[in-house]
Amino acid sequence: MQEQSTMTLRELCRTLGVSRRAVQGYESHNLLSPSGKSPMGHLIYDADAQRRVQQIHQYQKYGFQLREIAPLLNAPTEMLRKALVEKLVNLEHRQQELDEIIRELRGELQQLT
């Protein structure tokens with residue numbers, strides 16, 4: 001993403017690929033606040049807010065819930081590393097479970113042919 005100094009909510013959503021509802025959710029969970037308002041009354045977001053939206057969105061992709069993200073945003077490196085490692089271990093475990101389910105399903109389908 002090429003950062004602009006400020007973006008309206010519409011520009012922010014379009015540029016970062018997040019929904020208006022997602023940004024409003026971030027705001028309602030106190031993870032984000034607009035930087036101000038434009039002369040036209042539109043909410044605006046500065047470069048720091050833009051980076052924060054990207055970070056929140058990325059953590060959501062990793063599977064963190066919004067309530068889990070709040071402490072990560074300003075966490076010391078070691079705390080963040082620990083949380084990310086735990087998430088990775090959980091995802092790898094879930095992947096193994098899914099791989100086993102897929103093998104079972106393939107076996108069942110093979111028996112039907």
Side-chain angles (χ1 to χ4, degrees):
M1 172 192 88
Q2 185 175 0
E3 291 177 0
Q4 297 178 18
S5 58
T6 62
M7 290 184 184
T8 64
L9 177 57
R10 179 177 297 206
E11 292 168 333
L12 179 82
C13 292
R14 184 181 59 241
T15 302
L16 300 181
V18 297
S19 69
R20 176 184 216 92
R21 176 175 249 161
V23 174
Q24 290 168 336
Y26 302 164
E27 290 173 357
S28 71
H29 281 83
N30 297 316
L31 301 175
L32 177 72
S33 4
S35 310
K37 287 192 176 187
S38 72
M40 302 283 288
H42 299 279
L43 295 175
I44 56 171
Y45 298 84
D46 63 14
D48 287 337
Q50 294 166 39
R51 280 189 294 276
R52 196 166 182 97
V53 168
Q54 286 182 300
Q55 191 175 23
I56 294 166
H57 187 64
Q58 189 66 42
Y59 289 156
Q60 283 186 302
K61 283 178 27 179
Y62 295 157
F64 287 101
Q65 301 295 313
L66 290 179
R67 70 185 185 300
E68 298 173 305
I69 293 172
L72 299 179
L73 291 174
N74 298 310
T77 302
E78 203 47 48
M79 182 179 157
L80 179 58
R81 181 184 332 263
K82 182 179 183 231
L84 293 176
V85 166
E86 286 176 12
K87 185 56 77 175
L88 178 61
V89 168
N90 290 338
L91 288 171
E92 289 172 338
H93 179 71
R94 182 67 182 137
Q95 182 177 8
Q96 290 172 352
E97 290 173 345
L98 289 172
D99 288 344
E100 179 60 30
I101 292 169
I102 289 168
R103 278 191 295 279
E104 290 173 9
L105 181 56
R106 284 189 175 135
E108 188 167 333
L109 285 169
Q110 200 169 27
Q111 290 177 2
L112 294 174
T113 57

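Side-chain atoms are counted along with the backbone in the values below, which use heavy atoms only and exclude waters and symmetry mates.
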Could you tell me whether Glu108 atom CD has more than 12 heavy atoms of other residues or ligands within 6.0 Å of it?
no

Could you tell me whether the side chain of Leu84 reaches within less than 4.5 Å of the side chain of Arg81, counting heavy atoms only?
no

Are any of the side-chain heavy atoms of Ile69 and Tyr26 separated by less than 4.5 Å?
no

Is any side-chain heavy atom of Arg106 closer than 4.5 Å to one of Arg103?
no

Please answer whether the main-chain N or O of Val53 pairs with a side-chain N or O of His57 as donor and acceptor at a distance below 3.5 Å.
no

Can you get from Leu73 to Tyr45 by hopping between Ile, Leu, Val, Met, Phe, Trp and Tyr side chains that sit under 4.5 Å apart?
yes

In terms of heavy-atom contacts, Phe64 and Ala83 come closest through CZ-O, 3.7 Å

Derivation of the side-chain contact (heavy atoms from CB on, under 4.5 Å) call for Glu97 and Glu100
CA-CA 5 Å; Glu97 290 173 345; Glu100 179 60 30; 5.8 Å; no

Inspect the surroundings of CD in Gln95 and state if more than 12 heavy atoms from other residues, nucleotides or ligands are less than 6.0 Å away.
no

Distance-only donor-acceptor check, side chains Glu68 and Tyr62, under 3.5 Å
no

Hey, mind stepping through Asp48 and Arg51 against side-chain contact (heavy atoms from CB on, under 4.5 Å) and telling me if it holds?
CA-CA 5 Å; Asp48 287 337; Arg51 280 189 294 276; 2.3 Å; yes

Inter-residue atom distance Leu31.CG - Arg67.CZ, 0.5 Å rounding:
12.0 Å

Identify the two heavy atoms, one from Glu11 and one from Thr6, that lie closest to each other, and give their separation to 0.1 Å.
OE1-O, 4.3 Å

How far does CD1 of Ile56 sit from CD of Gln60, to the nearest 0.5 angstrom?
7.5 Å

Between Leu12 and Ile44, is there a shared hydrophobic cluster once you connect ILVMFWY residues whose side-chain heavy atoms come closer than 4.5 Å?
no

With the side chain counted from C-beta on, respond yes when Arg14 and Arg10 share a heavy-atom pair under 4.5 Å apart, and no when they do not.
yes

Rounded at 0.5 Å granularity, tell me how far OG1 in Thr113 sits from CG in Leu109.
8.0 Å

Roughly how far apart are Leu72 CG and Gln58 CD, rounded to 0.5 Å?
12.5 Å

Heavy-atom pair with the smallest gap, counting every atom of Ala49 and Ser33
CB-O, 4.4 Å

CG-NZ distance between Leu9 and Lys37, expressed to the nearest 0.5 angstrom:
11.5 Å

Flag the pair Glu86 and Lys82 as a salt bridge only when some basic side-chain nitrogen lies within less than 4.0 angstrom of an acidic carboxylate oxygen.
yes

Crowding at CD, Gln110 (>12 non-hydrogen neighbours, <6.0 Å)
no

Supply the atom-to-atom distance Ser28 OG to Arg21 CZ, rounded to the nearest 0.5 angstrom.
10.5 Å

